[in-house]
Protein chains: 2
Amino acid sequence: MAEAKNNNLSASLEDYLEAIYNLSGEFNTARSKDIAKLLGVSKSSVTGALRVLKERGLAHYKPYDSITLTKTGRKAAAEIARKHNILKSFFINVLGIETDIAHQAACKAEHTLGAEVISRLLCFIEFVTKHNAKGYDWANKFKKFYKNCKK
Amino acid sequence: MAEAKNNNLSASLEDYLEAIYNLSGEFNTARSKDIAKLLGVSKSSVTGALRVLKERGLAHYKPYDSITLTKTGRKAAAEIARKHNILKSFFINVLGIETDIAHQAACKAEHTLGAEVISRLLCFIEFVTKHNAKGYDWANKFKKFYKNCKK
DNA sequence: TATTATAGTTAGGCTTGCCTAACTTTGTAA
DNA sequence: TTACAAAGTTAGGCAAGCCTAACTATAATA
């Protein structure tokens, strides 16, 4: 039945899933080559990952055929991307981190920190953001603070 | 010369290093058995890690002998522990996360997030903490906010 | 001091994730 | 339509980390 065992994906598999999701956005199908490039990984590593994603019911995959996500896969990917983007924008806009680094960090964060921490952290970011909107300008206050902060 | 190649340690090795550091606190020497227990790992895994820490000039280690950190090792461990503790207390005191989970997350965080993000995050935590001290009670404000926050 | 439990090590094996090199398939352009 | 380049796959290998089972050393006690 190839039904999704939604068992927690490894950080690496989530990266692949998200990459496919993002690349698919434009064309609805992702190419192995582009996934490899996006993740900085060899083509054969992509092939390997695709096999696993298929096994788990998250991607449609047949050798030499086009790559798409299953419904479950898309849902999972969307959720990953959503969290990822919130974190990323916090890193960039509040902490003042450079885009690429922020991206990398956000990619990995969820896995490492775990669901509970991420969930609360996302709330916290929302909290901070709302305060910002209310005219209490965190990002800027922090920016000044950061200059004198040696950690 | 067994001088420390201070090359970035893996997450796992940092865990071992920190474990030894914390266990040594009480007795000045750590036991394999206790490291294993603390990290939830088998005794043989500890042996393996010790060999690597020795190779990297971070721990003194000889089979069946007592385990201590080198000066470099101690320094590195202290730094890991310091960051770790800041993160942990932020997770617990601001985000309201349960101790064990906070501990796990903090352990892994640095690695995943990378030096730049961690450095800024630690500053941010300090920033938040200082505001707290000034009577702007973040932790509490966030606590209320969190109740209505579904992420 | 001999015995035995505990601590620690070694050997061998598994998984994940990556790599390169060689091969196959596909698609494009003479 | 053939020939060649690009995309994709397969085979084989490597490193990090972990495990269990069997062994060895140490230390405690009778």
Side-chain angles (χ1 to χ4, degrees), chain A residues 5-20 23-24 26-56 58-69 80 104 107-112 114, chain B residues 5-20 23-24 26-69 80 104 107-108 110-112 114:
Chain A
K5 308 182 203 167
N6 233 343
N7 307 344
N8 30 10
L9 293 168
S10 69
S12 164
L13 284 179
E14 283 199 356
D15 287 347
Y16 285 104
L17 199 60
E18 195 185 1
I20 297 170
L23 290 169
S24 301
E26 302 169 39
F27 304 109
N28 193 25
T29 169
R31 289 185 338 160
S32 221
K33 187 205 166 192
D34 298 322
I35 300 169
K37 192 179 172 193
L38 189 60
L39 299 180
V41 122
S42 76
K43 292 178 293 167
S44 65
S45 298
V46 175
T47 304
L50 288 173
R51 267 201 286 262
V52 179
L53 291 176
K54 180 193 175 157
E55 256 172 47
R56 305 247 193 140
L58 298 167
H60 296 297
Y61 167 70
K62 243 183 267 182
Y64 299 106
D65 206 353
S66 65
I67 300 159
T68 54
L69 295 179
I80 291 164
Q104 290 303 326
C107 259
K108 304 292 174 194
E110 201 194 341
H111 247 86
T112 326
Chain B
K5 307 182 203 166
N6 233 342
N7 306 345
N8 29 12
L9 292 169
S10 69
S12 164
L13 283 179
E14 283 199 355
D15 288 347
Y16 285 104
L17 198 61
E18 195 185 0
I20 297 169
L23 290 169
S24 300
E26 302 168 41
F27 304 109
N28 193 25
T29 168
R31 291 186 335 161
S32 221
K33 188 204 165 191
D34 298 322
I35 300 169
K37 192 178 172 193
L38 189 59
L39 299 179
V41 122
S42 77
K43 291 179 294 168
S44 65
S45 298
V46 175
T47 305
L50 288 172
R51 266 200 287 259
V52 179
L53 290 176
K54 181 192 174 158
E55 255 172 47
R56 306 248 192 138
L58 298 167
H60 296 297
Y61 166 69
K62 245 185 266 181
Y64 299 106
D65 206 351
S66 65
I67 301 159
T68 53
L69 295 179
I80 291 164
Q104 290 304 324
C107 260
K108 302 295 174 189
E110 202 194 341
H111 251 89
T112 327

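Just the heavy atoms: all of them, side chains too, but no hydrogens, waters or symmetry mates, feed the values below. Just so we're on the same page: letters track the sequence lines, and every chain starts at 1.
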Quiz item: At under 4.0 Å between heavy atoms, what does B/Val41 touch on the DNA or RNA strands: base, sugar-phosphate, or nothing?
Solution: sugar-phosphate
Quiz prompt | Heavy-atom side-chain contact between A/Asp15 and A/Lys108 under 4.5 Å | solution = yes
Quiz prompt | N or O in side chain of B/Ser12 less than 4.0 angstrom from D/dC18 OP1/OP2 | solution = yes
Exercise. Please confirm whether the backbone N or O of B/Ser66 pairs with a side-chain atom of B/His60, one donor and one acceptor, at under 3.5 Å?
Key: no
Practice problem: Take atom CZ of A/Arg51 and atom P of C/dC18, then tell me their distance rounded to the nearest Å. | Solution: 14 Å
Exercise. Write down the distance between CG (B/Asp15) and C1' (D/dG17), rounded to a whole number of angstrom.
Key: 12 Å
Quiz prompt | Distance, rounded to the nearest Å, where B/His111 contributes NE2 and D/dA16 contributes P | solution = 13 Å
Self-check item: Side chain proximity check, A/Val52 to A/Tyr61, heavy atoms < 4.5 angstrom
Solution: no
Practice problem: Report yes if a donor N or O on one partner sits less than 3.5 Å from an acceptor N or O on the other, where the partners are the side chain of A/Ser32 and the base of D/dT9; otherwise report no. | Solution: no
Quiz prompt | d(NZ, A/Lys43; C1', D/dT9) in whole Å | solution = 9 Å
Quiz prompt | D/dT20 OP1/OP2 closer than 4.0 Å to side-chain N/O of B/Ser44 | solution = no
Quiz item: With distance as the sole criterion, do the side chain of B/Tyr64 and the base of D/dT24 form a donor-acceptor contact below 3.5 Å?
Solution: yes
Quiz item: Hey, are the side chains of A/Leu58 and A/Leu13 touching, using non-hydrogen atoms and a 4.5 Å cut-off?
Solution: no
Quiz prompt | d(CG, A/Leu53; P, C/dG17) in whole Å | solution = 10 Å
Practice problem: Would you please confirm or rule out a distance under 4.0 Å between OP1 or OP2 of C/dC18 and any side-chain N or O of A/Ser42? | Solution: no
Quiz item: Quick one: B/Arg31 CZ to C/dG8 P, roughly how many Å, whole number?
Solution: 6 Å
Quiz prompt | A/Ile20 and A/Leu53, any side-chain heavy atoms less than 4.5 Å apart | solution = yes
Quiz prompt | Residue-phosphate contact under 4.0 Å: A/Thr47 side-chain N/O, D/dT9 OP1/OP2 | solution = yes
Quiz item: Hey, does the side chain of A/Ser45 come within less than 4.0 Å of C/dC19's phosphate (OP1/OP2), counting only N and O?
Solution: yes
Quiz item: Expressed in angstrom and rounded to an integer, what is the separation of B/Tyr61 atom OH from C/dA7 atom P?
Solution: 16 Å
Quiz item: For the pair made of NZ in B/Lys62 and P in D/dT26, what is the distance, rounded to whole Å?
Solution: 12 Å
